[in-house]
**Student:** 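Below you'll find the structure I mean.
Numbers restart at 1 for each chain; the letters A, B, ... are given by sequence-line order, proteins then strands. Atom set for the values below is all heavy atoms of this structure, side chains included, hydrogens, waters and symmetry mates excluded.
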Amino acid sequence: MGSVYALVDCNNFYASCERAFDPGLAGRGVAVLSNNDGCIVARSNEVKALGIKMGVPLFQVARELEKHRVAVFSSNYALYGDMSRRVMDVLGSFSPEMEIYSIDEAFLDLGGFGHLDLDAYGRDIRDKVVRWTGIPVSVGIGRTKTLAKVANHLAKKSVKADGVLDLSDSAWVEAALERTPIGDVWGVGPGFARHLEKINVRNALQLRDVDDDWVRKRMGVTGLRTVYELRGEACYDLETAPPPRKGICSSRSFGQPIESLESLSEAIGQYITCAARKLRKQKLAAGVISVFIRTNIFKKNELRYSNCQTTGLPVATNDTGELIRYGLAGLRKIYRPGCRFKKAGVFLEQLVPETHVQGHLFDEVDREKQKRLMQAVDRINGEMAEGALRYGAVGLQQPWKTKSLRRSRRYTTRWDELPEVR
DNA sequence: TCTGGGGTCCTAGGACCC
DNA sequence: TCTGGGGTCCTAGGACCC
């Protein structure tokens, strides 16, 4: 008995979350926007049918959306994160081994389930998730993760499959691969797709049969793994424990361009606060902090400037105040007056477990005290709300803040935003 | 007017070493 | 016409994912 994987993927996840709490949206198109209300990042089937593509700027399609009475939402990550957790809880009951692959997808190991009717099992998964969480999902089953992905794509598209497709029986694999456009294969992005189309490889079946040397040379070892996986040879195992993070990033576009060092410092202070919080949640400390700022890359006729400053810390830390101090010093080195900045962010790198921090001889910081302070801050913010207690450096007005004009309620994580029933 | 954010892995090339 | 060979480490950039 070889490997069998199921890929369970939530349909139009963010749009489905909005719908789960607002019955008035049934049958109506739903679109969800990126941060800053900039681009379309999730679409219900009605919106996809209008030909509105993933990632297009809102302003290009705003009239079209209005014409078709599409409900448009700012992204509401508190809601989506919580709904994701609920879906994953249900999925976890269907296999002892699960890999949470993204906010809306998980692989299940069905390797020991050979005696079962896998198609029926997949339908059971789909039915229970939608009944218990309100989120519709599709299930694809295959001998490798890449084949499970292929199955999942077809399960979503095909009316006959009705949301579940089992390709673990090799009899159906070729037909499925032939119906899968090259760009839909997991691991083939627009760059490789263009390359492949030049040599007349247009679907997954043709990709499966491309010469190994060609693939190795043009697509590297990752490309070769994809091809092997299409042949049914598993190259990727389930990753049940998330690998330790190598870097943590926090960045945002501003609601409106800013010029002053003061505002820029507030924004950077805010992003550092956010990144440091993530560090502590994972019990890590950072040895290096980088700060970057840039003007609007879409404005051809404005002064353009983009720069990044990386600073090594004497002792790895996850203390917000200390990181803000080094980060703002870095910012001052790259700040340029007269530029209209549109985006900024921070990276924390060289992450080590907080218990394994290398001290050094001349360190004058009281690290025990720092640690107790951070624990207190995190506890208070956990009980009240993130940001209830914050560093003066992040400001109060925050005029640079991301636009989020159409956010729905945080139905599941805030007492004051519970759904109401009449 | 209005254009997301957060990650991973791989590769090529340069610096440096013996 | 000529230029050693082999190794490591680091970095920047490019591909991909959601």
**Student:** Quickly work out the A:Phe298 CZ to B:dG4 P distance and round it to whole Å.
**Tutor:** 5 Å
**Student:** Donor-acceptor pair, distance only, cut-off 3.5 Å: does the side chain of A:Lys149 make one with the backbone of A:Leu7?
**Tutor:**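 Such a contact is absent between A:Lys149 side chain and A:Leu7 backbone.
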**Student:** Which whole-number value in Å describes the distance from A:Met88 CE to C:dC18 P?
**Tutor:**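 For the pair A:Met88 CE and C:dC18 P, the rounded distance is 13 Å.
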**Student:** Go through it in stages, so that I can follow the logic: the residues are A:Lys371 and A:Asn318, the test is side chain to side chain donor-acceptor pair (under 3.5 Å), and I'd like the CA-CA distance, side-chain angles, deciding distance and then a yes or no.
**Tutor:** CA-CA 9 Å; A:Lys371 196 174 154 193; A:Asn318 57 23; over 6 Å; no
**Student:** Looking at every strand, decide which applies to A:Gly55 at a 4.0 Å heavy-atom threshold: base, sugar-phosphate, or nothing.
**Tutor:** nothing
**Student:** Rounding to a whole Å, what distance do you find between A:Phe13:CZ and B:dG4:C1'?
**Tutor:** 17 Å
**Student:** Does A:Arg252 place a side-chain N or O at less than 4.0 Å from the phosphate oxygens OP1/OP2 of B:dG6?
**Tutor:** yes
**Student:** Send over the distance from A:Lys343 NZ to B:dC2 P, rounded to a whole Å.
**Tutor:** 16 Å
**Student:** What's the CZ-C1' distance between A:Phe107 and C:dC18, to the nearest Å?
**Tutor:** 11 Å
**Student:** Side-chain N or O of A:Ser251 versus OP1/OP2 of B:dG4: is the shortest distance under 4.0 Å?
**Tutor:** no
**Student:** With a non-hydrogen cut-off below 4.0 angstrom, is A:Thr402 in contact with a base, only sugar-phosphate, or nothing?
**Tutor:** nothing
**Student:** So what does A:Lys217 touch, heavy atoms closer than 4.0 Å: a base, only the sugar-phosphate, or nothing?
**Tutor:**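 No contact.
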**Student:** Please give the nucleotide sitting opposite C:dA15 as a Watson-Crick or G-U wobble pair, both distances under 3.5 Å, or none.
**Tutor:** B:dT8
**Student:** When the C1' atoms of C:dC17 and B:dG4 are considered, how many whole Å apart are they?
**Tutor:**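 So the two C1' atoms sit 15 Å from each other.
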**Student:** Return the value, rounded to whole Å, for the distance between atom CH2 of A:Trp186 and atom P of B:dT8.
**Tutor:** 15 Å
**Student:** For the salt bridge (charged side-chain N to carboxylate O under 4.0 Å, His left out) test, which of A:Arg231, A:Arg225, A:Lys217 pairs with A:Asp212?
**Tutor:** A:Arg231
**Student:** Cation-pi check, A:Lys145 to A:Phe107: give yes when NZ or CZ is under 6.0 Å from the six-membered ring centre and within 45° of the ring axis, no otherwise.
**Tutor:**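 Yes, cation above the ring, under 6.0 Å and within 45°.
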**Student:** Run the ring pair (Phe, Tyr, Trp, His ring centres under 6.0 Å) check on A:Tyr14 and A:Phe73 step by step: do they pass?
**Tutor:** CA-CA 9 Å; A:Tyr14 297 170; A:Phe73 293 93; over 10 Å; no
**Student:** Rounded to whole angstroms, how far apart are CZ on A:Arg194 and P on C:dA15?
**Tutor:** 8 Å
